[in-house]
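Only one structure is covered here, and it is reproduced in the block below.
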Amino acid sequence: MEFILNEEQEMLKTMARDFLENECPKTLVRQMMEDEVGHSPELWKKMAEVGWLGLVFPEKYGGSEMNFRDLTILCEEMGRAMMPGPFFSTMLLAGMPILEAGTEEQKQEFLPKIASGDLVCTLAVLEEDGDFWPGAVQLKATPRGDDYIISGTKMFVPDAKAADYILVAARTGRSANPEEGITLFMVDATEWGIYIKPLLTMDETRKQYELMLNRVAVPASNIIGEVDQGWPILESMALKARAVLCAEMVGGGEWVLETSVNYAKDRIAFGVPIGSFQAIKHKCADMHSGLEYARSLMEWAAEVIKDGSPDTQIAVSMAKSYCGDVYKAVCGEGIQLHGGIGFTWDHDMHLYFKRSRSADSAFGDANHHRGLIANRFD
Amino acid sequence: MEFILNEEQEMLKTMARDFLENECPKTLVRQMMEDEVGHSPELWKKMAEVGWLGLVFPEKYGGSEMNFRDLTILCEEMGRAMMPGPFFSTMLLAGMPILEAGTEEQKQEFLPKIASGDLVCTLAVLEEDGDFWPGAVQLKATPRGDDYIISGTKMFVPDAKAADYILVAARTGRSANPEEGITLFMVDATEWGIYIKPLLTMDETRKQYELMLNRVAVPASNIIGEVDQGWPILESMALKARAVLCAEMVGGGEWVLETSVNYAKDRIAFGVPIGSFQAIKHKCADMHSGLEYARSLMEWAAEVIKDGSPDTQIAVSMAKSYCGDVYKAVCGEGIQLHGGIGFTWDHDMHLYFKRSRSADSAFGDANHHRGLIANRFD
Amino acid sequence: MTTEKSENLNALRREVRAWLRANLPKGWGTPEYKPPPSYSREQHEQGKEWTRKLYDAGYTGFGYPKEYGGIERPRDEIAVIRAELGRTGTPGGPLSLGMLVAAPAILAHANEEQKKRHIPKILSGEESWCEGFSEPDAGSDLANVQTTAKRDGDEWVVNGQKCWTSMWEFADWSLLVAKTDLEAPRHRNLTYFVFSTDTPGFSRRPLRQMSGEAEFGEIFFDDMRIPHENMIDAEGRGWYVAMTALMAERSGGGGFEGGGSALAGIGMEGLLDADSLVNLAKNTKRYGKSVWEDEAFRQKIVQIAIETQAMRWSGTRMAAKMRKGLPLGNEASVFKNFQAEMRQRRGNLTMEILGAYSQMVRGSSRAVDNGDWVYNMLRSLGATIEMGTSEINRNIIAERVLGLPR
Amino acid sequence: MTTEKSENLNALRREVRAWLRANLPKGWGTPEYKPPPSYSREQHEQGKEWTRKLYDAGYTGFGYPKEYGGIERPRDEIAVIRAELGRTGTPGGPLSLGMLVAAPAILAHANEEQKKRHIPKILSGEESWCEGFSEPDAGSDLANVQTTAKRDGDEWVVNGQKCWTSMWEFADWSLLVAKTDLEAPRHRNLTYFVFSTDTPGFSRRPLRQMSGEAEFGEIFFDDMRIPHENMIDAEGRGWYVAMTALMAERSGGGGFEGGGSALAGIGMEGLLDADSLVNLAKNTKRYGKSVWEDEAFRQKIVQIAIETQAMRWSGTRMAAKMRKGLPLGNEASVFKNFQAEMRQRRGNLTMEILGAYSQMVRGSSRAVDNGDWVYNMLRSLGATIEMGTSEINRNIIAERVLGLPR
């Protein structure tokens with residue numbers, strides 16, 4: 001395992017940072033926060049141009065065939081820049097299932113359009129309880145001729161208003177094992193019977209919606225994977241989604257640390273920079289240490305996913321748990337260090353704080369993943 | 001509820017501190033640590049003379065009829081002085097059951113001798129697992145004529161080598177409810193068939209032993225309370241024992257804080273007292289705060305026990321849990337603040353550290369008591 | 001044994017209860033009751049009216065001499081009244097800064113005329129107050145005030161800005177600390193004033209906090225003229241008046257009585273309530289199971305319940321000390337830090353319990369308990385900053401309580 | 001696809017395994033095996049012998065040039081050897097201070113002759129070392145050394161005392177930092193020396209620590225004469241040599257390779273092992289139930305397992321950086337603090353698991369796992385003090401890594 005970036009990866013990182021500093025300043029972030037859709041088609045087009053929207057797709061689908069570790073490097077920078085919009089939804093939540101479980105036809109239909117920036121996708125899996133587990137998937141899809149008819153409500157669907165297609169996890173069968181009987185449908189978001197209602201959530205950089213489907217007809221050819229066998233596809237995607245969230249968290253955490261350290265050097269109180277007080281120094285030292293160790297676990301998780309190692313599940317759970325705790329703590333400390341100004345709406349610190357909360361809670365929080373790890377020791 | 005000491009209580013506190021500073025210096029503590037019995041008959045005699053050994057007993061048994069809150073004031077000072085010896089064992093572990101559940105004859109037999117310093121007692125209740133709960137009491141007592149025959153092993157018996165009598169909890173009956181069928185016997189420690197083996201424990205100021213009983217005969221007249229009904233007596237005693245442990249912990253914690261603050265004022269590094277560094281200041285501030293809140297809970301517990309309030313169980317569990325956590329943390333911080341010298345055998349800091357461990361673990365540690373409180377919310 | 005005295009107290013208790021039943025806002029204490037947002041004009045007027053009612057009934061205004069409008073009653077009666085008000089969690093809120101900060105500072109430092117002019121109207125709810133204290137460059141370093149007041153005949157001309165002003169929007173009067181001597185050393189260059197918010201040259205605007213609300217404001221002085229008679233204490237003594245005001249604020253307006261009231265004063269009645277946390281855990285299902293079934297959560301929730309009790313009894317202990325006239329001083333810093341950090345621990349724990357719903361904020365029909373848990377968590381981040389950061393308070397504890405070198 | 005290279009590495013792996021089977025101490029790795037206490041003469045001699053064997057087999061001495069007795073092998077071979085040694089948890093111990101501190105400091109600062117004299121004997125286990133560094137008044141404030149060395153012709157006369165000396169009892173040689181200039185400013189008044197512990201005027205005695213053991217000693221110099229040729233680097237440069245030694249010590253002797261070895265170097269193989277904690281919880285019954293069944297304990301134990309992995313991969317990441325020649329510097333302080341504080345968290349957790357048995361110490365037949373858990377907890381209190389307190393290390397991280405003002 002090699003934790004040091006190679007030359008190409010260093011280039012990707014530098015390029016990503018430059019690109020995002022130019023194309024995704026905080027003014028854009030705040031503009032998107034105010035926006036109900038939260039998606040900037042201009043930014044999206046530019047991302048397609050630099051090849052980010054097909055980064056890990058094979059060349060034949062318009063991709064750049066880079067690996068998963070490369071993707072996390074990019075996402076680290078996106079987390080640092082607090083980039084809004086449907087990248088995570090399109091690339092991870094919907095893109096990975098298509099890439100890994102789609103038929104050749106489906107891949108040809110969707111992947112090139114994603115890569116070219118012509119298609120925004122997302123995933124609707126969570127329901128009333130908001131937790132990612134198979135028992136929660138109760139929304140029903142019933143076969144009728146060549147179609148399936150889907151009715152019910154999905155919660156916490158990210159970027160639904162920006163999406164052209166929504167991958168919907170629905171229940172098509174029941175058995176003692178709740179993992180069986182779940183089927184994934186690519187649903188055209190413009191279909192009759194679809195209602196999308198914004199949810200007022202804390203992290204406004206990552207829009208979420210309530211999705212109501214009222215007798216929506218989906219052709220069976222839009223099923224990703226086999227009927228009733230959708231859950232393992234989502235599980236596989238979730239591993240990658242978690243690792244990417246970890247990368248975003250580490251990237252965001254480093255922004256918070258750097259911003260805090262700079263503030264501590266500049267802000268004068270009692271005639272000296274506040275960074276000369278031990279209470280501030282030690283806070284910064286702890287933030288730094290936490291992020292160092294979070295990074296190690298995040299990079300380990302990314303590497304084992306890339307390599308397809310059997311350690312993947314435990315590595316991802318460890319990284320997700322630790323990064324979530326550290327990111328939340330670092331953002332809290334960052335606000336405290338800034339004092340009053342850090343508590344204002346106008347300062348950017350709270351954007352990171354809120355993202356740390358939504359990222360920790362997505363796909364299982366720290367407690368949940370510690371529980372999963374414990375089960376492996378049983 | 002009145003948390004402020006009245007004049008008498010202030011006097012008791014002042015007297016206790018003076019007495020212990022004179023009669024129980026750390027040289028005596030260390031001498032007792034080296035000693036297998038760990039009991040100073042000279043100190044004991046002096047304690048009897050000032051009336052401490054019958055503090056809460058009625059006058060007719062040679063006591064001073066002070067209340068339970070008064071007892072905790074005294075014990076706070078004992079914890080501060082790290083007083084070794086069988087006071088806790090005699091007054092709380094054995095004394096309270098006799099006082100509360102003994103017959104008039106038994107009280108007349110034992111209490112005046114305890115008050116005059118002529119009788120040292122202890123309690124043997126724990127067995128193999130070391131936890132205080134009825135399911136653990138398996139040591140059997142079988143009736144034979146007017147006697148009971150007791151055989152088996154008790155663990156973690158405090159002050160057994162100093163004791164003249166040992167109150168032994170034995171199983172005399174079985175039912176679905178493990179609380180039933182436990183009987184308490186006052187066993188003469190010089191009886192045939194009793195073997196006492198010292199346990200090598202971390203806190204050497206409070207000796208513990210393994211007690212083996214080989215067909216020891218005890219007259220039925222030595223049963224405290226009713227046959228099979230001993231557990232509630234122990235439960236009632238345990239409430240008081242816990243509150244007293246809390247008082248000791250708060251007293252010990254304050255010694256640690258004061259010693260640390262004094263060291264921080266005196267110790268010079270980088271040309272200034274280390275107490276001028278924020279890292280040291282904030283550590284001391286946190287120790288102080290922790291002890292303030294521990295004291296509030298401890299005093300609450302003592303007051304409700306004194307008043308016989310229905311809140312007693314929850315108050316005691318809250319105090320025991322919080323005081324244990326705080327005392328352990330304060331002692332750890334105290335060592336850290338002292339640096340190398342605090343880590344040596346010759347410095348007294350480790351005596352408090354070790355006591356914080358034994359006190360937290362006795363009669364249910366912080367985790368256990370939080371669990372008990374949770375059950376009350378069910 | 002029933003004494004005459006305890007009979008009287010029981011009668012008083014019954015009287016207060018009857019009065020509360022008649023006068024409490026409709027629906028108060030029921031889950032359906034939704035108070036208006038604390039920074040609305042409506043809430044402000046309700047608060048004034050409520051204070052007036054309490055005052056007329058003789059249930060507030062304690063601790064001040066009669067000649068300043070104070071209500072003098074025996075201690076045990078006051079205890080009964082406070083306990084009964086506390087039991088129902090009577091509304092606090094928009095007027096609290098006058099009671100919490102202005103009245104104690106005026107009582108301690110103002111002249112006779114000023115006391116008679118202001119204290120009665122504060123106690124009776126007639127006039128509401130805010131406080132010009134923090135500045136962009138005078139946060140933790142409170143003495144670094146940059147707002148200036150220049151003497152001009154019988155007036156002072158004030159220029160500058162204050163921020164993090166609570167109760168800024170509807171206040172009738174304000175405290176103000178300004179630099180009056182550009183040469184004098186720190187702590188001796190400041191002077192305290194009071195002024196009416198009608199004064200020309202005064203303006204205010206909201207300061208939006210991270211939770212989205214604008215509980216605080218910024219206030220501005222542009223050649224604002226204050227009559228000399230509005231100066232409090234002497235010229236150059238502003239730092240000491242400010243310290244009185246700050247300590248009063250940290251300790252919850254000296255209201256440690258009954259533990260709860262100190263918290264109530266700063267709007268944290270909920271903090272003393274562990275049951276609501278337990279109920280939240282019982283009512284929240286995660287991965288198909290009640291959160292309360294999870295031993296790890298039980299431990300964490302009970303820890304908060306324990307800290308809640310510790311806070312309550314520390315409040316009681318402090319109140320008892322004050323009653324006995326024992327020195328209190330900087331214990332307020334200990335109390336302030338503990339409650340602020342405990343609020344954050346509590347806030348974080350509620351988010352862990354809520355899972356995905358920890359994202360749903362006020363205004364969302366899907367939010368749990370109207371989004372209050374989320375709001376409280378976000379708001380708690382300010383608790384360790386306002387009224388002296390946790391770091392500054394730790395310095396105070398170390399230096400003034402424990403005597404460590406500066 | 002099998003390349004010739006990977007074939008060769010596989011052959012090396014088989015060779016090392018066979019060698020280990022033949023040479024590891026009898027019973028090593030089994031629960032029955034009880035190593036002699038680390039401060040015994042027996043353990044010391046075993047350590048020397050083991051080092052000699054490893055050296056003769058070509059399995060140690062990496063990272064030093066051949067002319068100083070170093071063993072040069074391709075990187076991938078070294079990785080294989082270290083991985084195999086790490087897998088069996090090969091004995092470290094009494095010689096580690098020479099490898100960990102003395103050899104790096106000598107390599108970086110000594111002259112040619114000194115390097116040739118000392119490094120080979122350190123690498124081959126022929127001579128063991130200790131280090132005269134801390135003093136009663138030079139703990140965190142390391143520069144405040146009071147031991148003096150006075151030039152007298154071709155010799156230096158040393159007087160003073162050092163404390164907290166590891167490996168003090170059987171060491172053949174020692175490092176020494178002493179004040180050689182009473183006038184020069186701090187950091188420029190110190191000089192570094194090496195001396196043989198046979199030198200007249202040298203004496204040593206145990207310094208008993210709170211766990212009861214005397215792992216550390218105090219060493220004394222009473223007109224001890226050191227030849228001038230034993231001076232390291234130049235006069236007045238001692239502070240800089242000391243910093244090299246200290247950084248080497250904090251980072252675990254530069255041995256971040258494989259993560260584990262850095263820990264192994266400082267005797268903490270067990271830290272990388274979460275399974276033993278899980279097994280302890282599974283095997284401990286409290287109140288009639290296995291501790292491992294309690295979700296609260298599961299969460300805490302898993303947290304330690306996670307931190308263990310974080311530490312492992314941070315070690316790997318640092319090793320990779322070093323291999324690429326990237327600057328490392330003060331990352332050692334980050335690593336040192338994390339492992340020390342994690343050891344304490346781990347120690348505290350084991351005590352919570354053990355309940356009443358957390359009191360049973362080494363020597364008691366009733367103690368769990370021979371009392372090692374309890375000893376490790378007690379010993380862990382020194383971890384945040386030795387090699388720079390956690391507070392000093394946080395200063396270093398803030399100032400030297402993050403660039404905050406001194």
Side-chain angles (χ1 to χ4, degrees), chain A residues 126 128-133 135-136 155-156 178 197-204 206 208 210 267-272 274 277-280 283 328-329 331-332 335-347 349-351 353-354 357-358 360-362 364-368 370-371 374, chain C residues 134-144 163-164 186 206-214 216 284-288 294 296-297 300 344 348 351-367 371 374-375 377-382 384-386 389-392 394-395:
Chain A
L126 305 184
E128 191 64 29
D129 70 356
D131 289 321
F132 180 80
W133 66 297
M155 284 288 290
F156 304 101
K197 200 176 130 189
L199 293 173
L200 286 175
T201 49
M202 189 162 61
D203 174 8
E204 295 180 275
R206 194 152 264 174
Q208 297 185 70
E210 187 171 341
R267 169 78 177 180
I268 306 289
F270 306 101
V272 294
I274 62 169
F277 296 113
Q278 266 190 343
I280 301 294
K283 211 184 277 300
K328 287 191 294 182
C331 292
I335 289 173
Q336 179 69 19
L337 187 144
H338 276 77
I341 192 84
F343 186 61
T344 60
W345 184 266
D346 288 348
H347 198 284
M349 203 51 79
H350 74 99
L351 309 185
F353 179 86
K354 291 169 178 175
R357 300 275 157 175
S358 72
D360 174 51
S361 123
D365 65 9
N367 295 323
H368 179 66
R370 277 191 292 266
Chain C
S134 298
E135 296 184 8
D137 287 318
S140 285
D141 186 7
L142 273 172
N144 191 35
C163 59
W164 298 111
R186 276 165 71 95
L207 177 57
R208 197 175 176 200
Q209 70 211 47
M210 60 180 280
S211 59
E213 274 87 354
F216 301 99
T284 304
K285 276 203 161 189
R286 299 285 301 282
Y287 303 96
D294 183 327
F297 272 106
K300 291 189 215 179
Q344 289 183 356
N348 288 337
M351 298 301 98
E352 287 183 40
I353 293 172
L354 283 168
Y357 285 86
S358 67
Q359 301 174 66
M360 305 296 245
V361 293
R362 280 182 174 173
S364 166
S365 63
R366 289 287 196 165
V374 180
Y375 170 77
M377 184 280 290
L378 289 170
R379 180 63 185 78
S380 76
L381 287 156
T384 51
I385 297 170
E386 62 199 331
T389 64
S390 291
E391 289 76 19
I392 292 291
R394 285 195 166 81
N395 284 348

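As the structure is a computational prediction, the values presented were derived from the model and not from experiment.
Looking at A:Met349, neither its backbone nor its side chain comes within 4.5 Å of chain C, counting heavy atoms on both sides. Looking at A:Ser361, only its side chain comes within 4.5 Å of chain C, counting heavy atoms on both sides. For C:Leu207, the part lying under 4.5 angstrom from a heavy atom of chain A is the side chain only. Only the side chain of A:His368 comes within less than 4.5 Å of a heavy atom of chain C; its backbone N, CA, C and O stay farther away. Heavy-atom distances place the side chain of A:Ala279, and not its backbone, under 4.5 Å from chain C. C:Thr284 does not touch chain A: none of its heavy atoms, backbone or side chain, sits under 4.5 Å away. Within the 4.5 angstrom heavy-atom criterion, no atom of C:Asp294 approaches chain A. Neither the backbone nor the side chain of C:Asn395 comes within contact range of chain A, judged by heavy atoms closer than 4.5 Å. In this structure, the portions of A:Glu128 lying under 4.5 Å from any heavy atom of chain C include both its backbone and its side chain. With a threshold of 4.5 angstrom between heavy atoms, A:Ile268 does not approach chain C through any atom at all. Interface residue C:Arg362: only backbone heavy atoms are found under 4.5 Å from chain A.
For the pair C:Arg379 and A:Phe343, the minimum side-chain heavy-atom distance is below 4.5 Å. Using a 4.5 Å heavy-atom threshold, the side chains of A:Lys197 and C:Arg366 count as separate. Using a 4.5 Å heavy-atom threshold, the side chains of A:Thr344 and C:Met210 count as separate. Side-chain contact between C:Gln359 and A:Arg206 is absent, with no heavy-atom pair separated by less than 4.5 Å.
Counting heavy-atom pairs under 4.5 Å between each of A:Gly364, A:Gly339, A:Gly135 and chain C puts A:Gly339 at the top. Ranked by non-hydrogen atom pairs under 4.5 Å with chain C, the options A:Lys283, A:Met155, A:His347, A:His338 are led by A:Met155. Counting heavy-atom pairs closer than 4.5 Å to chain A, the top residue among C:Asn144, C:Thr389, C:Asp137 is C:Asp137. Of the listed residues (C:Glu386, C:Glu213, C:Met377, C:Gln344), the one with the most heavy-atom contacts under 4.5 Å to chain A is C:Met377. Between chain A and the options C:Gly288, C:Ala143, C:Ala138, the largest number of non-hydrogen pairs under 4.5 Å is found for C:Gly288. Across A:Ile341, A:Ile335, A:Asn367, the residue that shares the most heavy-atom pairs under 4.5 angstrom with chain C is A:Asn367.
The side chain to side chain contact (heavy atoms under 4.5 Å, CB included) test with C:Leu378 is passed by exactly one of A:Arg357, A:His350, A:Lys354: A:Lys354.
Contact between C:Met360 and A:Thr201 at its shortest, heavy atoms only, is SD-CG2, 3.8 Å. Contact detail for C:Pro136 and A:Arg267: the closest heavy-atom pair is O-NH1, 2.8 Å. Residues A:Asp365 and C:Glu352 come closest through the heavy atom pair OD2-O, 4.0 Å.
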*Please report the C-alpha distance between A:Asp346 and C:Arg208 in whole Å, then the side-chain angles of each, then the deciding distance to 0.1 Å, and finally whether the side-chain contact (heavy atoms from CB on, under 4.5 Å) criterion is met.*
CA-CA 7 Å; A:Asp346 288 348; C:Arg208 197 175 176 200; 5.6 Å; no
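Partners of A:Phe277 by ring-ring contact (aromatic ring centres under 6.0 Å, His included), not counting sequence neighbours: none found. For the ring-ring contact (aromatic ring centres under 6.0 Å, His included) test, residues two or more places apart in sequence or in another chain that qualify with A:Phe156 are C:Tyr357.
Side chains of A:Gln336 and C:Thr384: a donor-acceptor N/O pair is present below 3.5 angstrom, by distance only.
Under 4.0 Å is where a charged nitrogen must lie from a carboxylate oxygen, and between A:Asp129 and C:Lys285 no such pair does.
Separation of atoms CD1 (A:Ile280) and OG (C:Ser140) is listed at 8.0 Å; rounding is to 0.5 Å.
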